[in-house]
Amino acid sequence: MNFLVHWIAQKIRFFAVFAITLVMALTGARADVAAWLVMDADSGRVLEHNAAFDRWYPASLTKMMTAFIAFQHVSNGTMAMNDMVMVSQNALNQPPSKMGFKVGTTITLDNALKMILVKSANDIAVAIAERIGGTEEDFIKMMNSTATRLGMNDTNFVNPHGLPDNRQVTTARDMAVLAEALWNQFPQYRSYMSYPGIRFGKRTFRSGNRDFLLRIDGANGMKTGYICNSGYNVATSTTRNGRTIIAIVLGAASGLERAAFAKKLIDGGFETTVGTNISSFQGSGKSSPPADRYCKRNTQPSAQELVDRFGSKRGSVSMLAYSNGSSPSPEGKSIKLSKTKVNWGLMYEEILGPQTKAYAPVRVRVGNEHPIVVLKKLGDSVPLPMPKPGAESDLSANPAGGIQQRMLGAPVGKGALLQPLKPSSTRELFGSPGGLYANSPIFGKTQ
């Protein structure tokens with residue numbers, strides 16, 4: 001009899017757990033914002049944190065390290081912002097987000113940095129890595145040695161862009177160390193992380209941080225990131241009355257939630273000066289990052305839910321309460337224009353505030369220009385190189401990286417097999433789907 005009772009009790013417990021799990025899945029129960037850290041960029045003090053030592057996927061926050069190393073090379077004189085970066089086949093092969101330029105396209109380092117920090121172009125991140133490191137693999141070694149030198153003890157890089165790879169991990173604390181180093185070691189390059197968008201030709205591409213930059217008082221950088229396994233990440237900086245606060249947010253459920261929560265962190269950071277210096281800030285956390293498909297478990301909140309949680313009627317609550325999508329909150333201002341329409345302008349004002357800056361994307365371009373394009377424009381006034389590009393003998397006798405490369409009259413990274421462009425239209429700048437003209441009926445064709 002006792003055995004039968006025990007067996008029945010076990011079955012009831014099993015079905016109860018199963019039912020709870022099923023209900024949570026069907027109702028889209030949300031996880032919280034996973035981890036965050038707020039610090040004073042000037043004093044180095046950590047002002048607020050949660051799960052700051054939990055392992056997480058950095059996504060495109062990785063590109064802050066790619067930019068950091070590029071800034072180092074420019075600062076120490078081994079490179080200049082007008083040095084040329086060239087797109088290799090390896091770079092072109094990267095998945096979106098990307099520019100999609102053909103192999104052999106040249107870009108100044110200045111333009112390339114804007115493309116990776118604003119458009120988050122994965123192909124250009126690889127092109128920069130090959131230009132600086134010789135090969136992508138050697139650049140990744142530079143990334144990890146730099147991380148070690150900065151004290152990013154729980155970070156490992158395996159690529160220069162942040163595309164999915166479960167070996168590439170970090171923590172909120174380590175991302176704060178990197179963000180603080182970028183801010184303080186390279187003040188002359190802060191503008192690269194402050195652009196709300198880029199303009200290439202007639203097209204513009206917004207930064208994932210655009211609304212934060214245009215609406216938050218004093219906002220001036222830095223970088224967003226997203227892959228499904230990480231959710232929405234951001235490192236952001238804001239300066240008010242000569243004081244700069246840096247916030248790191250990992251694992252938000254949407255770009256809007258990420259921005260709204262970062263605003264609360266920043267505003268709270270300006271209210272305090274007490275904290276431990278990040279150089280001595282220690283702790284422990286989860287040793288494994290989230291299970292795959294984190295974004296599928298972290299359901300995006302609706303616009304009205306965001307207003308209820310972050311809007312003017314919520315009042316002041318703890319950061320843990322703001323981070324928790326299930327935390328009770330009063331009904332915020334209604335942003336419904338009808339049953340199906342949302343007043344997006346009011347929604348943005350409620351969670352981020354009014355737009356106080358004009359949207360002014362920075363212009364980028366390829367080349368300086370591309371050497372062949374320059375020669376075509378100059379015509380007969382300048383002789384063409386002999387033999388012409390494309391002939392067998394125009395291969396370098398002493399190729400960089402042991403690979404024969406076309407002589408285009410511009411410095412190139414090692415290990416990139418480069419072919420000269422033969423531009424006959426704007427369309428021919430682009431070598432693969434997923435770039436600037438993806439899903440757009442440009443020139444009579446859709447990629």
Side-chain angles (χ1 to χ4, degrees), residues 55 57-76 78-79 83-107 109 112-113 115-117 120-170 174-175 178 181-182 223 225 227 229-230 289 396 398-406 408 410-419 431-432 434:
R55 305 304 193 278
Y57 298 117
S60 283
L61 299 194
T62 298
K63 295 183 178 82
M64 293 197 300
M65 177 59 83
T66 301
F68 184 92
I69 294 173
F71 293 151
Q72 277 187 318
H73 278 69
V74 176
S75 294
N76 65 25
T78 56
M79 284 193 73
D83 281 354
M84 304 305 291
V85 172
M86 283 188 173
V87 176
S88 68
Q89 187 63 56
N90 179 38
L92 179 60
N93 288 344
Q94 303 306 308
S97 174
K98 64 194 293 183
M99 300 304 288
F101 299 138
K102 279 188 172 181
V103 172
T105 303
T106 60
I107 315 163
L109 180 61
L113 285 166
M115 290 172 187
I116 71 164
L117 291 172
S120 207
N122 298 317
D123 50 351
I124 306 305
V126 169
I128 292 174
E130 291 174 337
R131 175 65 178 84
I132 294 175
T135 65
E136 183 182 4
E137 292 74 18
D138 285 343
F139 185 81
I140 291 164
K141 292 176 183 176
M142 296 169 68
M143 295 174 75
N144 284 311
S145 64
T146 302
T148 299
R149 180 176 60 80
L150 291 175
M152 299 170 64
N153 303 322
D154 297 314
T155 294
N156 182 61
F157 293 112
V158 297
N159 64 53
H161 39 57
L163 283 167
D165 190 310
N166 286 7
R167 298 170 297 165
Q168 183 140 315
V169 294
T170 190
D174 283 4
M175 283 292 104
L178 177 57
L182 271 169
K223 184 75 186 76
I227 57 174
N229 282 358
S230 72
S396 171
N398 298 296
I403 297 177
Q404 288 188 322
Q405 304 186 49
R406 301 289 181 184
L408 295 176
V412 299
K414 300 175 184 176
L417 181 59
L418 305 173
Q419 301 294 333
S432 75

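Residues Ser120 and Lys98 bring no donor and acceptor atom of their side chains to less than 3.5 Å of each other. In this model, a donor atom of one side chain and an acceptor atom of the other lie less than 3.5 Å apart for Asn93 and Gln89. Under 3.5 Å, the side chains of Gln168 and Thr62 contain a donor-acceptor pair of N or O atoms. A donor and an acceptor atom, one from each side chain of Thr66 and Lys63, are nowhere located under 3.5 Å apart.
Side-chain contact check for Asp154 versus Thr170: every heavy-atom pair is 4.5 Å or farther apart. Looking at Arg131 and Leu109, their side chains never come closer than 4.5 Å, going by heavy atoms from C-beta outward. Considering only heavy atoms from C-beta on, Met65 comes within 4.5 Å of Leu178 through its side chain. Two residues are said to be in side-chain contact when any heavy atoms from C-beta on lie closer than 4.5 Å; Ile132 and Met142 meet this criterion. Here the side chains of Pro160 and Ile128 are not in contact, with every heavy-atom distance at 4.5 Å or above. At a threshold of 4.5 Å between non-hydrogen side-chain atoms, the residues Phe101 and Leu92 do not count as touching. Put simply, the side chain of Phe68 reaches to within 4.5 Å of the side chain of Leu150, judged on heavy atoms. Using a 4.5 Å heavy-atom cutoff, the side chains of Glu130 and Thr135 are not in contact.
Annotation: Arg149, atom CZ; neighbour count of heavy atoms from other residues, nucleotides and ligands within 6.0 Å is above 12.
Contact record, Phe157 with Ile140: O-CG2, 3.3 Å, taken as the closest heavy-atom pair. In terms of heavy atoms, Met86 sits closest to Thr106 at CE-CG2, 3.1 Å. Minimum heavy-atom separation, Gly225 to Leu61: N-CD2, 4.1 Å.
Between the side chain of Thr78 and the main chain of His73, a donor-acceptor pair closer than 3.5 Å is present. Judged purely by atom type and a 3.5 angstrom limit, Asn159 uses its side chain to pair as donor or acceptor with the backbone of Leu163. Without hydrogens or angle criteria, Asp174 side chain to Thr155 main chain gives a donor-acceptor distance under 3.5 Å. With hydrogens and angles ignored, the 3.5 Å screen pairs no side-chain donor or acceptor of Asp123 with any backbone N or O of Gln94. In terms of modelled atom types and a separation under 3.5 Å, the side chain of Asn76 and the main chain of Gln72 share a donor-acceptor contact.
Distance CD1/Ile227 to OG/Ser60: 8.5 Å, rounded to 0.5 Å. How far CD1 of Ile124 is from OG1 of Thr105: 8.0 Å, rounded to the nearest 0.5 Å. Taking CG of Leu113 as the start and CZ of Phe71 as the end, the distance is 5.0 Å to the nearest 0.5 Å.
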Check against side-chain contact (heavy atoms from CB on, under 4.5 Å), Met115 and Ile107: CA-CA 10 Å; Met115 290 172 187; Ile107 315 163; 4.0 Å; yes
Val126/His161 under side-chain contact (heavy atoms from CB on, under 4.5 Å): CA gap, chis, key distance, verdict: CA-CA 7 Å; Val126 169; His161 39 57; 3.5 Å; yes
